Asks: 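Pasting in a structure now, in structure tokens, and then I'll have a few things to ask.
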Protein chains: 2
Amino acid sequence: MRSVTIKDVAGRAGVSTATASRVLSGHPSTSPAARTAVEQAVADLGFRPNAQARSLRRTTTQTLGLLLPDIRNPFFADLAHAVEQRARDFGYLTLFGNANESVEQQDRYFDVMLSQRVDGLIAAPQGDRASLAGILGSGLPTVFVDRVIDGADVPSISPDNRTGIHEAVEHLLGLGHRRIGYIAGPQSTSTGRERLRAYQEAISGTAADDDGGLVHVGDFQAASGAAGAHALLDLADPPTAVLAADSLMSIGAIGVCNERGVAIGADLAFVGYDDIEAFTLLNPALTVIAHDVDAMGRGAVEMLVAVIAGEAAESRVLPSRLIVRGSTMDSPKGPSA
Amino acid sequence: MRSVTIKDVAGRAGVSTATASRVLSGHPSTSPAARTAVEQAVADLGFRPNAQARSLRRTTTQTLGLLLPDIRNPFFADLAHAVEQRARDFGYLTLFGNANESVEQQDRYFDVMLSQRVDGLIAAPQGDRASLAGILGSGLPTVFVDRVIDGADVPSISPDNRTGIHEAVEHLLGLGHRRIGYIAGPQSTSTGRERLRAYQEAISGTAADDDGGLVHVGDFQAASGAAGAHALLDLADPPTAVLAADSLMSIGAIGVCNERGVAIGADLAFVGYDDIEAFTLLNPALTVIAHDVDAMGRGAVEMLVAVIAGEAAESRVLPSRLIVRGSTMDSPKGPSA
DNA sequence: CGATTCCATGGAATCGATTCCACAAGTATG
DNA sequence: CATACTTGTGGAATCGATTCCATGGAATCG
């Protein structure tokens with residue numbers, strides 16, 4: 001059961017471990033004879049180098065950490081896929097951690113990533129600068145993706161939260177909506193804060209109602225979207241249009257509308273976040289604020305590779321855009337119209 | 001930039017590395033004085049043990065490998081989440097690999113997992129016994145999840161593919177359907193094969209039409225579900241009901257129905273696979289064959305932990321069940337009715 | 001009170017691969 | 001033909017933490 005080591009290989013090939021190692025790592029100073037002997041021995045014994053031992057001696061592990069808040073959120077699942085594929089191109093293995101939208105689990109994973117000596121870290125962080133002090137002070141090359149942390153000197157690649165929301169609000173105003181509800185993300189995340197702020201900016205100074213009761217703050221999970229939908233629909237003067245700040249809350253909210261017999265597209269205009277395939281299947285299909293997840297994931301890896309190489313990386317903001325579909329095609333009904 | 005080692009800790013605490021190590025790993029033979037000194041030094045220096053060095057010396061890495069075919073498939077995303085949470089309970093870190101429904105990528109990840117010396121592997125495999133010879137011969141404790149490999153002596157936890165399909169077909173027969181189309185999964189996977197076989201069994205000997213044209217074999221990706229829907233709807237005598245063998249193909253097929261103006265639930269009955277939250281939002285909501293993903297993920301970890309401990313693990317089959325919703329409530333229309 | 005056990009401790013070996021260094025043999029240059 | 005330079009090689013040090021073994025001192029026992 002003991003696994004095959006380079007010593008066994010060297011012994012069988014009749015060379016020293018030094019030579020065997022050189023052959024394996026493609027060092028130029030190796031004779032053809034040694035090369036074939038070692039390769040034959042490797043094949044015969046089924047040798048597989050021990051990554052632990054190699055990483056210990058070299059200072060690099062050829063491993064990237066990826067820390068996401070919720071793998072069940074399709075946006076992050078897509079992001080994980082994009083990051084992993086791009087990391088593979090650079091010869092990196094992706095070590096994946098799911099923080100479960102919990103600061104404690106995030107901290108545990110930071111520890112794990114540091115212990116595993118990943119060469120770099122891509123994270124969609126939560127919490128503030130203080131709670132991230134561990135990582136920020138560790139010197140580990142890090143890139144933030146999707147979310148950023150104010151005041152942290154870490155390059156990031158994130159969506160343009162402002163423009164998408166502005167376009168959506170203007171679109172709804174153009175359709176005649178004056179009571180526009182908003183289901184916000186957690187204010188402990190930059191995306192949650194920026195999107196809420198953008199909503200407030202977009203509303204203020206327009207014909208739209210601007211009372212705080214139209215905002216429900218959730219936590220990016222489906223249940224909070226459902227709670228938000230109930231709260232908004234229970235208002236004495238309910239909104240005629242609703243925006244939700246991520247895909248899971250959109251799902252929760254739409255479910256509640258269906259239960260309560262509120263017809264999306266007819267009784268209520270709805271704008272979701274993130275362009276998930278299933279959203280196009282709804283009847284009517286969902287108007288969404290979309291961004292290019294693949295570009296974000298690939299870009300994050302490329303930035304991190306640059307940071308690891310010691311180059312300066314500029315933070316990037318990727319455009320968001322509104323995709324108008326049936327869920328916002330009609331003008332509002334009822335007293336507000 | 002050089003990271004803090006146990007030597008630095010020992011030096012600062014005024015003890016040997018042996019004593020420092022004993023304090024850190026909770027060895028009983030340590031004096032309170034040594035303990036506090038070492039703990040203080042660890043805190044002062046921000047010491048984090050090097051997992052590589054530790055794993056090299058011990059034979060264990062406290063790491064599990066998880067190899068899935070497609071993280072963007074919500075079923076596998078849920079599975080990944082369940083596995084990771086349960087693994088954490090046992091003190092294991094999950095090293096995650098996404099094979100992208102490709103046998104080559106799967107092989108690469110097997111190599112990586114072996115090199116990383118994971119303590120055990122949970123995989124939803126593809127290919128046949130020959131292509132998995134590497135893993136099967138390696139002696140690495142392994143558990144298969146969702147999918148199995150015929151003739152491989154590896155414990156597995158998988159869904160009861162047969163019963164769910166039988167219930168679905170009987171349900172459709174009961175509604176009067178006689179032309180029941182089937183969008184099958186790839187025949188290189190056990191789930192693809194077993195579900196197709198179950199469909200054929202369930203159909204044969206009944207009043208339903210049993211010609212091969214009603215079956216379209218896809219690859220568990222959305223595009224193949226779309227292709228299957230086109231093929232079935234283009235038949236001279238198209239089906240009045242369709243089953244799809246996984247969630248992504250269901251999404252693809254439903255999209256095509258929407259495009260072509262085929263009203264699901266009215267013009268066409270549709271049964272999907274896997275109970276994804278978004279499926280309940282469709283109008284009408286989707287009838288699906290569901291299984292308990294969480295139990296499967298947790299069960300896989302528990303089995304693997306047993307295998308690692310040298311215990312025998314019995315393969316398990318988890319029940320599937322049909323959840324009837326609006327997409328199959330109506331009787332068929334048209335000439336076949 | 002002497003002998004035995006127990007406990008905390010440090011020195012050194014160890015895990016497996018890489019790499020520095022020294023050396024021998026072969027090739028090129030004056 | 002002597003010197004310098006290249007090339008392939010093996011011995012041994014190294015990475016950082018763990019653990020075996022030996023040792024000295026305190027506690028326990030007959």
Side-chain angles (χ1 to χ4, degrees), chain A residues 1-39 41-42 45-63 93 111-112 114-119 138, chain B residues 1-39 41-42 45-63 93 111-112 114-119 138:
Chain A
M1 225 4 257
R2 196 186 61 86
S3 52
V4 182
T5 74
I6 202 169
K7 264 190 194 164
D8 304 323
V9 170
R12 187 172 234 265
V15 299
S16 70
T17 62
T19 299
S21 173
R22 277 184 215 113
V23 169
L24 289 169
S25 54
H27 189 98
S29 280
T30 50
S31 66
R35 235 172 289 150
T36 55
V38 169
E39 278 158 12
V42 165
L45 299 172
F47 169 71
R48 235 169 272 274
N50 182 316
Q52 264 74 36
R54 169 176 291 176
S55 306
L56 181 58
R57 185 59 235 259
R58 300 180 170 174
T59 40
T60 159
T61 55
Q62 290 300 310
T63 298
L93 172 69
D111 261 25
V112 167
L114 286 173
S115 279
Q116 294 290 324
R117 299 291 193 270
V118 295
D119 292 340
S138 70
Chain B
M1 224 2 259
R2 198 186 58 86
S3 52
V4 182
T5 75
I6 200 170
K7 264 190 194 165
D8 304 322
V9 170
R12 187 171 234 266
V15 299
S16 69
T17 62
T19 298
S21 173
R22 277 187 284 257
V23 169
L24 288 169
S25 55
H27 188 98
S29 280
T30 48
S31 66
R35 235 172 290 150
T36 55
V38 169
E39 277 158 12
V42 166
L45 299 173
F47 170 71
R48 235 169 271 276
N50 182 318
Q52 265 73 37
R54 168 176 290 176
S55 305
L56 181 59
R57 184 61 235 258
R58 299 181 169 171
T59 41
T60 159
T61 55
Q62 290 302 310
T63 298
L93 172 68
D111 261 26
V112 167
L114 287 172
S115 279
Q116 294 290 325
R117 300 291 193 270
V118 295
D119 292 341
S138 70

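These numbers come from a predicted model, not from an experiment.
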Asks: Between B:Q116 and A:A51, what is the shortest heavy-atom contact and its length?
Replies: NE2-CB, 3.6 Å
Asks: Provide, to the nearest angstrom, the distance between the CG atom belonging to A:D8 and the P atom belonging to C:dC15.
Replies: 12 Å
Asks: How many whole angstroms separate atom CZ of B:R58 from atom P of C:dA13?
Replies: 22 Å
Asks: Can you see which heavy atom on B:V4 is nearest to which on B:L45, and at what distance?
Replies: CG2-O, 3.4 Å
Asks: How many angstroms lie between CZ in B:R48 and CG in A:D111, if you round to the nearest 0.5 Å?
Replies: 4.5 Å
Asks: Measure the angle between the two terminal helix axes of the helix from C:dC1-D:dG30 to C:dG30-D:dC1, five base pairs each, and quote it to 10°.
Replies: 40°
Asks: Considering only distance and modelled atom types, tabulate donor-acceptor pairs under 3.5 Å from the side chains of residues 17-29 of chain A, sequence neighbours left out.
Replies:
from  : atom 1 : to    : atom 2 : distance (Å)
A:T19 : OG1    : A:S16 : OG     : 3.4
A:S25 : OG     : A:S21 : O      : 2.9

Asks: Check whether any side-chain heavy atom of A:V38 lies under 4.5 Å from a side-chain heavy atom of A:V15, and answer yes or no.
Replies: yes
Asks: Report yes if a donor N or O on one partner sits less than 3.5 Å from an acceptor N or O on the other, where the partners are the side chain of B:R57 and the base of C:dT14; otherwise report no.
Replies: yes
Asks: Just the rounded figure in Å: distance from C1' of D:dG16 to CZ of A:R117.
Replies: 9 Å
Asks: Would you kindly give the CG-to-P distance between B:L56 and C:dC15, to the nearest whole Å?
Replies: 9 Å
Asks: Looking at B:Q62 and B:D119, what are the two nearest heavy atoms and their distance?
Replies: N-OD2, 2.8 Å
Asks: Between A:L24 (CG) and C:dT18 (C1'), how many Å, whole number?
Replies: 11 Å
Asks: Between B:T30 and B:R35, do the side chains contain a donor N or O and an acceptor N or O under 3.5 Å apart?
Replies: yes
Asks: Distance check needed: D:dC15 P versus A:N50 CG, whole Å only.
Replies: 18 Å
Asks: Would A:F47 and A:D8 count as a side chain to side chain contact (heavy atoms under 4.5 Å, CB included) here? Give the steps.
Replies: CA-CA 9 Å; A:F47 169 71; A:D8 304 323; over 6 Å; no
Asks: Nearest-Å distance, CD (A:Q52) to C1' (D:dT18)?
Replies: 15 Å
Asks: Which heavy atom in A:R117 sits nearest to a heavy atom in B:P49, and how many Å separate them?
Replies: NH1-O, 3.8 Å
Asks: Just by protein heavy atoms under 4.0 Å, how would nucleotides 5-12 of chain C read 5' to 3' in B, S and -?
Replies: ---SBBB-
Asks: Measure CD1/A:I6 against P/D:dG10 and give the value in whole Å, please.
Replies: 12 Å
